[in-house]
Protein chains: 2
Amino acid sequence: MKARVTVMLKDGVLDPQGEAVRLALTGLGFDGVRGVRQGKVIEVDLATEDRAAAEAEISRMCETLLANTVIESWQVELP
Amino acid sequence: MKARVTVMLKDGVLDPQGEAVRLALTGLGFDGVRGVRQGKVIEVDLATEDRAAAEAEISRMCETLLANTVIESWQVELP
């Protein structure tokens, strides 16, 4: 089962990477950009086909490795 | 209008970042991980509220800046 984890900086946390993208887009002539936030997406291919087990395992992965929960939030999409 | 762009390495392109995450997860005792791919997610806040215009603009952004289309594929989600 393939799970997709999206990790974003929480609102209010400064995002210099997103800000750099915003500046670059504006410099390229894209005038209608009000803001950019950049995050990570991690696709994890799990051996289990049990949805509940996959969700529990992914949650533990996020809390221990994939996200820094002080400044980042995460969400999981399962098929 | 907020658009969400997901940029992933194309299948077959080596993903050392994803491989590092896979090794770290295995090292932490997550045995059921068969593979990991890591990509970027970019949330762009656009001034326009016109869906078609937003889609066209985001496509141009991806082709010119957000993705390296030689090795990366991208997809857009609009609200």
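These values consider heavy atoms only, across backbone and side chains, with no hydrogens, waters or symmetry-generated copies.
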Q: Tell me, for A:R4 versus chain B, whether the close heavy atoms (under 4.5 Å) come from the side chain, the backbone, both or neither.
A: side chain
Q: So, the side chain of B:R34 versus the backbone of A:L46: is there a donor-acceptor pair under 3.5 Å, distance only?
A: yes
Q: If we define contacts as heavy-atom pairs under 4.5 Å, which of B:V5, B:V7, B:T6, B:T48 has the most with chain A?
A: B:T6
Q: In terms of heavy-atom proximity below 4.5 Å to chain B, should A:L25 be classed as side chain, backbone, both, or neither?
A: both
Q: For the residue pair A:F30 and B:T64, establish whether any side-chain heavy-atom pair is separated by less than 4.5 Å.
A: yes
Q: Are A:V13 and A:W74 grouped together when hydrophobic residues (ILVMFWY) are joined by side-chain heavy atoms under 4.5 angstrom apart?
A: no
Q: Distance from A:M8 atom CE to B:E43 atom CD, nearest 0.5 Å?
A: 4.0 Å
Q: Can you tell me which of B:E57, B:K2, B:Q38, B:M61 forms the most heavy-atom pairs within a distance under 4.5 Å of chain A?
A: B:M61
Q: For chain A, which candidate among B:L66, B:V44, B:L65 shows the most heavy-atom pairs at distances under 4.5 Å?
A: B:L65
Q: Between B:V41 and B:I71, is there a shared hydrophobic cluster once you connect ILVMFWY residues whose side-chain heavy atoms come closer than 4.5 Å?
A: no
Q: State the CD1-CZ distance between B:I42 and A:R37, to the nearest 0.5 angstrom.
A: 13.5 Å
Q: Could you state whether B:V33 and A:L78 fall into the same hydrophobic cluster, counting links through intermediate Ile, Leu, Val, Met, Phe, Trp or Tyr residues with side-chain heavy atoms under 4.5 angstrom apart?
A: yes
